[in-house]
Amino acid sequence: MPTLTYLGHSAFLLQSEQAALAIDPFLSGNPKATIGPDDLKVQYVLVSHGHGDHVGDAIQIAKANRATIVAPYELALYCQRQDCQVHPMHIGGSFQFPFGRVKLTIAHHGSMTPDGGYGGNPCGFLVTMEGKTLYHTGDTGLFYDMKLIGELTPIHVALLPIGDNFTMGIDDAVKAVELLQPRLAIPMHYDTFDMIQANPEDFVRRVRVAGYVGKVLPVGASHAF
Ligand code: NI
Ligand code: MN
């Protein structure tokens with residue numbers, strides 16, 4: 001059974017029998033993080049786009065663990081230039097890794113590499129392992145193709161930004177749940193900075209009113225699915 005652990009902001013640890021993956025591991029600069037990059041033992045690091053609050057400590061973690069960074073092509077090349085092992089992908093593409101399948105989705109957002117270079121397009125990640133699918137949307141606004149994503153791939157857990165300003169706020173994140181129809185929706189990308197204050201319990205309550213299940217995962221808490 002895959003286990004998801006919240007590391008704060010949009011950072012998660014996803015573990016199965018086969019592997020451990022870090023997603024958008026923003027830890028050392030993250031005021032909400034309770035662990036540091038040295039505490040993570042992973043084989044893969046997934047990075048949705050080049051913004052600092054998502055690349056975070058990915059380079060350091062990948063090097064320390066000899067882990068492979070999975071990212072959109074242009075961002076993967078940046079990581080490769082920092083002497084990391086990479087597996088470049090792009091939107092719409094999927095690949096069968098030893099631990100399971102990863103598919104990249106669109107994300108309506110921006111991207112640039114940490115050195116200010118071209119970061120390509122941002123993405124979201126569908127990760128299927130042990131028959132269960134996690135959808136980490138990355139940073140994105142609401143988009144109607146979420147309906148198609150949910151139809152093509154039944155989603156067990158959807159991780160949705162609710163902080164507004166840079167991404168969806170709660171109104172749009174609730175609509176995203178209606179489009180994706182996940183078994184469980186977990187909020188992310190809130191309260192890390194002043195500009196993205198949001199009440200995650202309000203999101204969960206409204207998800208319930210819409211007929212779905214939401215859950216706030218406190219930083220450091222895990223959820224097996
Ligand atoms: Ni961003
Ligand atoms: Mn962000």
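Side chains included, hydrogens not; waters and symmetry mates left out as well; all remaining heavy atoms used. For ligands, and for the atoms within them, numbers begin at 1 and follow the listed sequence.
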### Taking every non-hydrogen atom, the tightest pair across A62 and C84
CB-SG, 4.0 Å
### Given L134, V177, T133, the one that forms side chain to side chain contact (heavy atoms under 4.5 Å, CB included) with P182
V177
### Message
Nearest 0.5 angstrom please: F203 CZ to L160 CG, how far?
### Response
5.0 Å
### Query
In Å, rounded to the nearest 0.5 Å, how long is the span from OG of S10 to CE of M188?
4.5 Å
### Message
Check this for me, if you would: do D172 and K175 make a salt bridge, where the nitrogen-to-carboxylate-oxygen distance has to be below 4.0 angstrom?
### Response
no
### Query
Can D38 and Q60 be said to form a side-chain hydrogen bond (donor to acceptor under 3.5 Å, both in side chains), step by step?
CA-CA 9 Å; D38 295 340; Q60 182 187 336; 3.3 Å; yes
### Message
Here's a test for you: under ring pair (Phe, Tyr, Trp, His ring centres under 6.0 Å), which of H51, H9, H136 qualifies with H189?
### Response
H9
### Task
Provide the protein N, O or S atoms situated under 2.8 Å from the Mn ion (ligand 2); waters are not included.
D53 OD2, H54 NE2, D139 OD2, H189 NE2
### Query
D57 side chain to L27 main-chain N or O, any donor-acceptor pair under 3.5 Å?
yes
### Listed protein N/O/S atoms, distance to the Ni ion (ligand 1) under 2.8 Å
H49 NE2, H51 ND1, H109 NE2, D139 OD2
### Residue pair L14 / P2: nearest heavy atoms and the distance that separates them
CD1-CB, 4.2 Å
